Amino acid sequence: QIENLKEILSKIPSDETFEVRSDQFKAISDPTRLKILYLLQDGELCVCEIIMALEKPQSTISHHLNVLKNAGFTKGRKERVGIHYKLINPEIVDLIEDLVK
């Protein structure tokens, strides 16, 4: 039985990997952040467009975008006066949908 348990333990990811995954799940556990992911599934949007769509203050949207960026879901690029965000993996929304079926 102990040998079987050792074999199982040898196959699971490292503690560091679990920390990263846990942080990613925390990032998508917020309704506003989920909405942002859904908004970005069809392509890049300016922060100002996300603010208008969600009717939330700029500081709130910036905070949520930062959390999503730090979790590895989005990336931004500066364009003149604003920052445009897009999904790193455009299939993330489909993956979330599959996860909660």
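Treat the numbers as computed from the prediction; the structure is a model and nothing was measured.
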Transitive ILVMFWY side-chain link Val67 to Ile28, under 4.5 Å: no
Return the set of residues passing salt bridge (charged side-chain N to carboxylate O under 4.0 Å, His left out) with Asp98 (not counting sequence neighbours), or none when no residue passes. Lys101
What distance do Leu68 atom CG and Lys75 atom NZ have between them, rounded to the nearest 0.5 Å? 15.0 Å
Kindly check if the number of other-residue, nucleotide or ligand heavy atoms within 6.0 Å of CD (Glu16) is above 12? no
Taking the side chain as C-beta and beyond, is there a heavy-atom pair between Leu45 and His84 under 4.5 Å? no
Going through the checks in order, is the side-chain contact (heavy atoms from CB on, under 4.5 Å) test met by Val47 and Tyr85? CA-CA 7 Å; Val47 173; Tyr85 281 87; 3.5 Å; yes
For the hydrophobic clusters of this structure (ILVMFWY residues joined by side-chain heavy atoms under 4.5 Å, transitively), does one cluster hold both Ile88 and Val93? no
Same apolar cluster (I L V M F W Y, side chains within < 4.5 Å links), Met52/Leu34: no
Under the rule for salt bridge (charged side-chain N to carboxylate O under 4.0 Å, His left out), what residues qualify as partners of Glu44, not counting sequence neighbours? Arg77
Remaining members of Ile2's ILVMFWY cluster at a side-chain heavy-atom cut-off under 4.5 Å? none
Roughly how far, to the nearest 0.5 Å, is the CD1 atom of Ile36 from the OG1 atom of Thr74? 8.5 Å
Starting at CD1 of Ile96, measure out to CZ of Phe73 and round the result to the nearest 0.5 Å. 6.5 Å
Enumerate, atom names and distances included, each donor-acceptor pair closer than 3.5 Å involving a side-chain atom of residues 54-63, sequence neighbours excluded.
{"unit_1": "Gln58", "atom_1": "NE2", "unit_2": "Ser62", "atom_2": "OG", "d": "2.6"}
{"unit_1": "Ser62", "atom_1": "OG", "unit_2": "Gln58", "atom_2": "O", "d": "3.0"}

Linked, directly or transitively: Leu99 and Leu37 (ILVMFWY side chains, under 4.5 Å): yes
Residue pairs meeting side chain to side chain donor-acceptor pair (under 3.5 Å), one or both in residues 21-36, sequence neighbours left out, come to Arg33-His64
Let me have the donor-acceptor pairs involving side chains of residues 4-12, under 3.5 Å, with sequence neighbours excluded, atom names and distances please.
{"unit_1": "Glu7", "atom_1": "OE2", "unit_2": "Lys11", "atom_2": "NZ", "d": "3.3"}
{"unit_1": "Ser10", "atom_1": "OG", "unit_2": "Glu7", "atom_2": "O", "d": "2.7"}

Spell out, yes or no, whether Tyr38 and Ile50 are grouped together once hydrophobic residues are joined by side-chain heavy atoms under 4.5 Å, including indirect joins. yes
